[in-house]
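Only heavy atoms go into these numbers, but all of them, side chains included; no hydrogens, no water, no symmetry mates. Below, chains carry the letters A, B, ... as their sequence lines are ordered, and counting in each starts from 1. Small disclaimer: the values here were computed from a predicted structure and weren't measured.
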Amino acid sequence: MEAFHLLSRGGVNFDKQRFESDVKLFNGSSHKHAIGKEGKVYRDAELPAELDFFKYATSGASKRKSFGLDREGHAKKMKTKKEEAIDGNANTGDEDDSAGDTNAKQSTGPPILSHRVTAKGRHVPESVHTFEELLGRYVIPSQLMVNLRRYGYVHPTGIQASGCPILLESRDLAAISPTGTGKTLSYLLPIMALLSTPISSSKTVAGTGIRAIILAPTRELVSQIYNECLKLSQGRKWRIVLFNKATAATLADKTVQDKVDVVISTPLRLVSSLQSGRLSLHNVRHLILDEADRMLDQEFLAQVQEIVTACTHENIQKAVFSATLPAGAERIALDMLRDPIRVIVGLKDTPLPLIAQSLTYVADDHSKLPTLRAYLSQPYNPPLLIFTSSQPRATSLSEELVLNGIPNVDCLHAGMTKKERNDALSRMRRGESWVMVSTEVMARGMDFKGVREVINYDFPRSVQSYVHRIGRTGRAGREGKALTYFTDEDAPYLKSIANVLLQSGSSVPEWILKLPKPSKLKRKQMGKLKRPEFVNPARRIGKNDAIKKSDMIAGSQRRREKALRERERSQLRSERFADDAGEDSP
DNA sequence: AAAAAAC
């Protein structure tokens, strides 16, 4: 009752207006998704058979809460969630992955939809249809194939089928493939294979330094890639290093470096080791940039360039991967590569049509929480991933949800300690988190197979951010659901996101499409209207030190913000910045 | 356009 009241005050859901839309699948054919009155998804009979493997997903993922599920349905969801936790664990190779192979065998994913693949460049190698086909064409250690089977990789995805041959022929590659389509394996497999192939020019391949580097933007992603790499290398003596403070110290010893095949790291970590002069990259033959557009944006570019320059071997192979690659980043990437091949799977900057997306209007920031509470008071599909725009907002939202009695709420952002981050991630992997509140740190690359719903609590700041955020669901051929809250302040950016929804087969209320594209000036004005955030960037805010319990008055977001602002202000004052910071300017 | 992330 209360929930209904809040909902009617706080939010309007446009999904009801969604009635029928064509969904283009990546193989170019088109399937009809029709949403009936009960909010159920009906599909054409020609749906690829492999999708039906995930019947559970069809039963839950696309149902709208507004059409109601009964409590029983809710309980059922919880059960499947647990099963999935095992699945996800086995499939992502988390540190806690000690469950063994029995689970891993079950986790055999379906073949991904056959996406439309375009490859451009000189002498593009032909793509393969099966992993075994690679054996006939290239030197692949049999152990790699054994490991593929062991972890349930049966059919190559589009990017794996076309990307592996390219990398195996030692070509440079710029690859764009949607979220959740197996990009990681598409570079790990060739690299591992090439590392065990003797390089004709020198007989002593080992004993001369690090041979491959993989860069990714967040610690969590680096460790996920590392775990994938470990799975693939099982049974053979590849030496793979997850680069962190501890391993960096060990690698400072030159003789240890000589025994390393692959280093997986964040850019800054590697750069700081380079600058200490203890790390040599002269023997690096393979350099991979994962989430390439992120790695090439302003904050990372200089670091990445420093690493690229430090890799002095003339026969270095470079490759970049992402689901999104804006023109600017692509130019930089292509400049970096030598005679590259450019592969695009599906449509650039477009989410998978398997993700049912919708936009929800919430008038202002204060209406978001009631809307979310109402949403969570109905049955939903855990685990649910919620994105906020800043660390303090992630912390306070998660605390607010806990106070509201939402079970198994977790929070993860980069202001937390390493241990807190690890713990939160482990809970997520084990299926113990039902609601995970996070920031952009979770937006890219993270592979939680169980996530069926993503909520953009705060509006994404770019199309790329949107595509990656909602790409945490709908992975490996599963269905997913993505909700995005928008306020009046988000208006300038609404249309570009609405176009993304349209392009990937979700429907958008007509009035949004009729919005004019706001001029730059107007965007600036809108930007100025924004309430300044109560963040002191000089301070790292951890999950546990954000707000005192005494500051928290249940149900009053406004008062809580005021308290936070007070705190920030007094801090700023002591730093003599009081006058122009943290105020609501009139 | 802008916060977050990297040590």
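- Considering only side-chain N and O atoms, A:Arg219 lies under 4.0 angstrom from the phosphate OP1 or OP2 of B:dC7.
- Contact annotation: A:Ser389 side-chain N/O to B:dA2 OP1/OP2 distance is not under 4.0 Å.
- Closest to the side chain of A:Glu220, out of B:dC7, B:dA6, B:dA4, is B:dA6.
- One donor-acceptor pair, N or O on each side, does fall under 3.5 Å between the base of B:dA4 and the side chain of A:Arg294.
- Nearest nucleotide to the side chain of A:Ser462, out of B:dC7, B:dA1, B:dA4: B:dA1.
- Evaluation of atom-type donor-acceptor distances gives a pair under 3.5 Å for the side chain of A:Glu299 against the base of B:dA4.
- Using modelled atom types and a 3.5 Å distance limit, the side chains of A:Gln303 and A:Arg269 yield no donor-acceptor pair.
- Checked against a 6.0 Å centroid threshold, the rings of A:Tyr187 and A:Phe321 count as neighbours.
- Between A:Arg421 and the phosphate of B:dA6, there is a side-chain N or O to OP1/OP2 separation shorter than 4.0 Å.
- Scanning for side chain to side chain contact (heavy atoms under 4.5 Å, CB included) contacts around A:Pro460 gives A:Asn456, A:Ser465, A:Tyr466, A:Arg469, A:Thr484, A:Ile497, with sequence neighbours left out.
- Ion pairing between A:Asp365 and A:Arg393 holds under the 4.0 Å rule for side-chain N and carboxylate O.
- Contact annotation for A:Pro267: no contact, since no heavy-atom pair falls under 4.0 Å across all strands.
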